[in-house]
Amino acid sequence: DAKTTQPPSMDCAEGRAANLPCNHSTISGNEYVYWYRQIHSQGPQYIIHGLKNNETNEMASLIITEDRKSSTLILPHATLRDTAVYYCARRGLDMRFGAGTRLTVKP
Amino acid sequence: DTGVSQDPRHKITKRGQNVTFRCDPISEHNRLYWYRQTLGQGPEFLTYFQNEAQLEKSRLLSDRFSAERPKGSFSTLEIQRTEQGDSAMYLCASSFRTGIQETQYFGPGTRLLVL
């Protein structure tokens, strides 16, 4: 989806926080922000979602700006197993994915 | 395993042949979605069902693509007269929609190669 943009790649040191940005400047008021990740050739794995408020679960935190034009996925203590492609998506009537950020966690 | 399953996981076919993929959703999920994913891109929505009703199919890529969910449980995606450009990963996802809350859970995908 051209309206959901992510940096193509990022590196993170093991044990440090990984902050993955997503720009969705044309998001509608009723569209949720979703994050998934994909490892190798597996199907996307759900991480977290939100509408307006910041959210946290056992996997990650999601920070959504007040104007909802962008969001950041935070992996608080990245491990080598977090190396994957992370997708941001908008969900209205359907789910529209960005092109993803390839996160590489390095020892 | 109670997750979404897809069969086959890999399919190699010759151009012009028909192929059919199957998706078994998570039990009791009322919605089922099909996506296509090409190399280096995020999943691209194709169509979805609520129970047995196909509620959106305008995003299917051409009239060679069709999907069914006859009894509101498993679904099939068929591609007729395959072309080399159909080579991609085909993903299925299911969800249980209550009000406006809905999270889609994806299967492992079927990787199609058209020679």
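Reminder, nothing fancy here: chain letters follow the sequence lines and each chain counts from 1. The structure presented is a predicted model; accordingly, all values stated were derived computationally and were not measured.
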Practice task
Please write out which residues are connected to Leu115(B) in a hydrophobic cluster, directly or through intermediates, given that two of Ile, Leu, Val, Met, Phe, Trp, Tyr count as joined at side-chain heavy-atom separations below 4.5 angstrom.
Solution key: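 Its cluster mates, by chain and number, are Ile12(B), Leu113(B).
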
Handout entry: Side chain, backbone, both or neither of Glu56(B) within contact of chain A (heavy atoms, under 4.5 Å)
Key =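 Interface part for Glu56(B): neither.
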
Do [X] and [Y] sit in the same hydrophobic cluster, where Ile, Leu, Val, Met, Phe, Trp and Tyr count as joined when their side-chain heavy atoms come under 4.5 Å apart?
X	Y	value
Tyr33(B)	Phe65(B)	no
Tyr105(B)	Phe45(B)	yes
Leu61(B)	Tyr48(B)	no
Val19(B)	Val114(B)	yes
Leu39(B)	Ile39(A)	no

Exercise for the section: Residue by residue, scan residues 42-56 of chain A and write down, ordered by number, those that have a heavy-atom distance under 4.5 Å to chain B; if none do, write 'none'. Expected result: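 Those residues of residues 42-56 of chain A which have a heavy atom under 4.5 Å from chain B are Gln42(A), Gly43(A), Pro44(A), Tyr46(A), His49(A).
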
Problem - Neighbourhood of chain B inside residues 29-37 of chain A, taking heavy atoms under 4.5 Å as contact - result: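 The stretch touches chain B at Tyr32(A), Tyr34(A), Tyr36(A).
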
Handout entry: Side chain proximity check, Arg59(B) to Asp94(A), heavy atoms < 4.5 angstrom
Key =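 Yes; the side chains approach each other to less than 4.5 Å.
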
Exercise for the section: Flag yes if more than 12 heavy atoms outside Arg68(A) fall under 6.0 Å of its CZ atom; otherwise flag no. Expected result: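 For Arg68(A), atom CZ is crowded (more than 12 foreign heavy atoms under 6.0 Å).
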
Practice task
For atom CZ of Arg16(A), decide whether the heavy atoms of other residues, nucleotides or ligands shown that lie under 6.0 angstrom number more than 12.
Solution key: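 Atom CZ in Arg16(A) is not crowded, with 12 or fewer foreign heavy atoms closer than 6.0 Å.
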
Problem - Contact residues of residues 66-97 of chain B (partner chain A; heavy-atom separation under 4.5 angstrom) - result: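 From residues 66-97 of chain B, the residues near chain A are Met89(B), Leu91(B), Arg97(B).
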
Problem - Which atom of Tyr35(B) lies closest to which atom of Met95(A), heavy atoms considered - result: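 Closest pair (atom of Tyr35(B), atom of Met95(A), distance): OH-CB, 3.1 Å.
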
Practice task
Against chain B, label Gln38(A) side chain, backbone, both or neither, depending on which of its atoms sit under 4.5 Å from a heavy atom there.
Solution key: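 Side chain of Gln38(A) only, per the 4.5 Å heavy-atom cut-off to chain B.
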
Handout entry: Region of Arg91(A) that comes under 4.5 Å of a non-hydrogen atom in chain B
Key =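 The side chain, not the backbone.
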
Exercise for the section: Quick one: which of Arg9(B), Arg111(B), Glu102(B) has the most heavy-atom pairs under 4.5 Å with chain A, could you say? Expected result: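 Among Arg9(B), Arg111(B), Glu102(B), the one with the most close pairs to chain A is Glu102(B).
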
